[in-house]
Amino acid sequence: MTNLTHLTIKEALTGLKKKDFTVSELTAAHIKATEAARHLNCYITETFDVARKQSKESDARYAKGDGRLLDGIPIAMKDLFCTEGIQTTAASKILKGFKPPYESTVSGNLFRDGAVMLGKANLDEFAMGSSNTTSAYGNVINPWRRKGDDKPLVPGGSSGGSAAAVAARLAMGATGTDTGGSIRQPAAFCGITGIKPTYGRCSRFGVVAFASSLDQPGAFARNTEDCALLLQSMAGFDPKDSTSVNCPVPDYTQFLGQSVKGLKVGMPREYRIDGTSPEIIKLWESGVQMMRDAGAEIVDVSLPHTKYALQTYYVIAPAECSSNLARYDGVRFGLRVEGENLIDMYEKTRAAGFGKEVKRRILIGTYVLSAGYYDAYYNKARRVRKLIWQDFTEAYKKCDVLLTPTAPTAAFAIGDNMQDPVTMYLNDIFTIPASMAGMPGMSLPVGLSSDGLPLGLQLLGRPFDEGTVFKAAHAIEKAANFTALPQTLLSKVA
Amino acid sequence: MSIDKNTVRKVARLARIRTTDAEAEVLSAELSKIMTMIEQLSEVNTEGVDPMTSVIEMQWPGREDVVTDGAILEKILSNAPEQTAGFFVVPKVVE
């Protein structure tokens, strides 16, 4: 039998329909692979019993001939999505043991369509980080290694467990959330494909909140087609999320393979920043050539406020985080550390429950929102955010889609970039602007660095035009024909 | 921009996070660095620009003011660190 864990979602669905194998067999293969790769620390909670139960139900549906959109597809669920009755931690000690009494809309949509959940994937604590090194449940290890170097690398973050699981063939797809690049950057670091749809496209109901005006669920898979299938299931209007947008979700797979002849692809000139690896610039240029060869027209565009996106983000995201995380007080759920009085209990609980990065961001947020600084920092950042949004709106008058690198470097080693927080923040320099503007974005693997690590390119589109993003990404995917596997997998396959 | 140790401790009190002296020392250096980065925003001319609240221009949805959920006391209390007689329990607030 073929190696079931190496199939794409589309191939697996076809195999299941043809009865080449059963869902139970497909799930068993993924459980076995996961057990053999526990050192990668992709999951905070494995949910194999849930997976086996869902597999049986799915097999029964196939037996009756009524398989659904994702019936029997084993996936990883970022542990930021509340799953009814199953521990949901946000990778924080403060939520240890929390069993949500409700289901997030996105996970509910995936289960409705037959997806099988293997586990709750590891992440940076409360999705705050770019390397999955802030989790209270330990670092996630990237399945990729540099050539001739065994140093463990980060998978990127915050959705590091999701990305590493999909790259290591432990899951066929995964959910993620993207606040400033938390889907696109780990997708690039792990050599897979990730889509962050337009803000408002997927419901945030039941997603543990970090920065509510930026957070957006999305999907990881190993190609654009599989991402399209996952997003199809996840997306849609939800009255339980007041920022969810009531507009029809198109069939995303219809855009794959459509001609890009005449498509206007913008190259934002401000993205040629110092500190970007020359290999990334070369990759970007080759991506441009691929689009040109496929008949697209390349357009030079300007996003003049790009250099202020990071600063804007580090006011707005912490401000919203300090407000959102006020709910963790040891009263209604999660950790409680007893104190002499109520305030003492709050302070001790929050000191013990939050990790360093989360505390830093809460404090920055509290500071920029405090009396006397609100206008100088918070409102100033919201004004600059408007200018960033206007930059994109202007650019989309000249082009249909933007092509940029996803991250300034390939995956780095655990321990690197940790000397000071600002160096770490620079990782998200190419992903943050589109987050600030709420625009859809996708990262896909396009090539390898000289030391054998995957490098990704990013496509950004107009609001609610994920279709064009898929179309353009698919054209690059076809031209790039990225087939490399993580070295840790190759040694096993051989 | 520098955030001294006292300011750190004041903000930490506002955020209800207990900090030791040593932690405040480290945080003072880290937060100062982050604020120095943030300060660059002052270079941007934002005259006449309204602060952005939402990236999507939409009408905020409304609905009938009716009860749509409820009678789930057990579910609501299911994760409480301490509860009694259908209430969350906290340390004594009023003497």
Side-chain angles (χ1 to χ4, degrees), chain A residues 97-99 101-102 199-200 213 239 242-243 245 305 308 310-312 314-315 322 329-336 338-348 350-351 354 359-360 362-364 366-368 370 377 379-387 389 420-422 425 436-438 463, chain B residues 3 7-8 10-20 23-24 26-27 29-31 33-58 60-63 68-69 72 74-83 88-93:
Chain A
F98 174 63
K99 287 188 177 165
Y102 54 86
Y199 181 83
S213 79
S242 62
T243 59
V245 173
H305 295 89
Y308 299 107
L310 200 66
Q311 294 83 335
T312 310
Y314 278 99
V315 173
S322 83
D329 57 5
V331 175
R332 290 152 301 154
F333 42 74
L335 179 79
R336 169 186 288 196
E338 297 300 337
E340 286 165 27
N341 52 49
L342 191 61
I343 303 279
D344 192 42
M345 183 197 83
Y346 290 157
E347 292 193 343
K348 283 181 175 158
R350 291 163 64 80
F354 292 135
K359 283 180 188 167
R360 272 197 288 270
I362 291 176
L363 294 181
I364 287 286
T366 308
Y367 184 74
V368 298
S370 61
Y377 295 118
N379 272 342
K380 179 78 183 180
R382 292 202 299 144
R383 289 188 169 93
V384 180
R385 183 177 186 183
K386 182 88 189 191
L387 295 173
W389 180 86
D420 86 85
V422 175
Y425 296 168
M436 298 307 302
Chain B
I3 297 189
T7 310
V8 170
K10 200 183 111 203
V11 175
R13 256 196 312 280
L14 284 174
R16 300 282 185 258
I17 297 174
R18 181 69 46 88
T19 40
T20 65
E23 285 167 339
V26 176
L27 280 164
E30 290 172 344
L31 300 192
K33 232 176 197 164
I34 297 169
M35 287 311 296
T36 303
M37 174 186 85
I38 289 171
E39 287 278 292
Q40 293 166 22
L41 287 179
S42 61
E43 301 164 18
V44 189
N45 180 3
T46 52
E47 227 181 272
V49 182
D50 284 334
M52 190 171 212
T53 303
S54 169
V55 288
I56 292 151
E57 286 164 33
M58 62 185 278
W60 292 103
R63 65 167 176 85
T68 57
D69 205 352
I72 49 166
E74 218 169 282
K75 277 188 167 185
I76 287 169
L77 289 172
S78 63
N79 283 289
E82 197 184 343
Q83 52 160 304
F88 295 108
V89 177
V90 295
K92 202 167 174 182
V93 180

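Per chain, numbering begins at 1; letters A, B, ... match sequence-line order.
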Nearest heavy-atom neighbours spanning A:Glu338 and B:Glu82 = OE2-OE1, 4.5 Å
Proximal component of B:Leu77, with respect to chain A [non-hydrogen, under 4.5 Å] = neither
request  = Name the region of B:Arg13, side chain, backbone, both or neither, that has any atom closer than 4.5 Å to a heavy atom of chain A.
outcome  = both
inquiry  = Can you tell me which of A:Leu342, A:Leu335, A:Thr312 forms the most heavy-atom pairs within a distance under 4.5 Å of chain B?
reply    = A:Leu342
message = Which atoms of B:Ile56 are under 4.5 Å from chain A, going by heavy atoms: the side chain, the backbone, both sets, or neither?
response = side chain
note = When rounded to the nearest 0.5 Å, the distance separating OG of B:Ser78 from CZ of A:Phe98 is 7.5 Å
Heavy-atom proximity to chain B below 4.5 Å, by part of A:Tyr102 = neither
note = Honestly, the part of A:Ser322 sitting under 4.5 Å from a heavy atom of chain B is neither
key: Separation between CZ of A:Arg350 and OG1 of B:Thr19, rounded to the nearest 0.5 Å   = 12.5 Å
ask   = Can you tell me if CD on B:Glu74 sees more than 12 non-hydrogen neighbours from other groups inside 6.0 Å?
value = no
Reported CZ-to-CD1 distance for the pair B:Arg16 and A:Ile362, which is rounded to 0.5 angstrom = 13.0 Å
inquiry  = Taking the side chain as everything from C-beta on, heavy atoms only, tell me whether B:Asp50 gets closer than 4.5 Å to A:Lys386.
reply    = no
query = In terms of heavy-atom pairs under 4.5 Å with chain A, which of B:Thr20, B:Thr53, B:Val55 leads?
reply = B:Val55
key: Step-by-step side-chain contact (heavy atoms from CB on, under 4.5 Å) determination, A:Tyr367 to B:Ile3   = CA-CA 10 Å; A:Tyr367 184 74; B:Ile3 297 189; 3.9 Å; yes
query = For the atom pair OG1 (B:Thr46) and CZ (A:Arg382), what is the distance rounded to the nearest 0.5 Å?
reply = 12.0 Å
ask   = Sequence neighbours excluded, which residues qualify as salt bridge (Lys or Arg N to Asp or Glu O under 4.0 Å) partners of A:Arg332?
value = A:Asp329
Portion of B:Val93 that has a non-hydrogen atom of chain A nearer than 4.5 angstrom = side chain
query = Which of the residues B:Ala12, B:Ser54, B:Ala15 is involved in the greatest number of heavy-atom pairs with chain A at under 4.5 angstrom?
reply = B:Ala15
task = Could you tell me which non-hydrogen atom of B:Ser42 sits nearest to which non-hydrogen atom of A:Lys380, and how far apart they are?
result = CA-CE, 4.2 Å
query = By a 4.5 Å heavy-atom criterion (distance strictly below it), what part of B:Ile38 contacts chain A: side chain, backbone, both, or neither?
reply = both
ask   = Checking B:Thr36 against chain A: side chain, backbone, both or neither under 4.5 Å from a heavy atom?
value = neither
inquiry  = Return the CD1 to CD distance between A:Ile364 and B:Glu30, rounded to the nearest 0.5 Å.
reply    = 9.5 Å
task = Supply the atom-to-atom distance B:Leu27 CG to A:Leu363 CG, rounded to the nearest 0.5 angstrom.
result = 6.0 Å
remark   = Closest non-hydrogen contact found for A:Ala351 with B:Arg18 is CB-O, 3.4 Å
inquiry  = One pair to check against side-chain contact (heavy atoms from CB on, under 4.5 Å): B:Met35 and A:Tyr314. What are the steps and the verdict?
reply    = CA-CA 9 Å; B:Met35 287 311 296; A:Tyr314 278 99; over 6 Å; no
task = Answer with side chain, backbone, both or neither: which region of B:Val26 has an atom nearer than 4.5 Å to a non-hydrogen atom of chain A?
result = neither
query = A:Pro101 versus B:Asn79: any side-chain heavy-atom pair under 4.5 Å?
reply = yes
request  = Report yes if some heavy atom in the side chain of A:Leu387 is under 4.5 Å from a heavy atom in the side chain of B:Met52; otherwise report no.
outcome  = no
Set of salt bridge (Lys or Arg N to Asp or Glu O under 4.0 Å) partners for A:Lys348, sequence neighbours left out = A:Asp344
inquiry  = Taking every non-hydrogen pair under 4.5 Å, which of A:Ser242, A:Gly438, A:Gly334 racks up the most with chain B?
reply    = A:Ser242
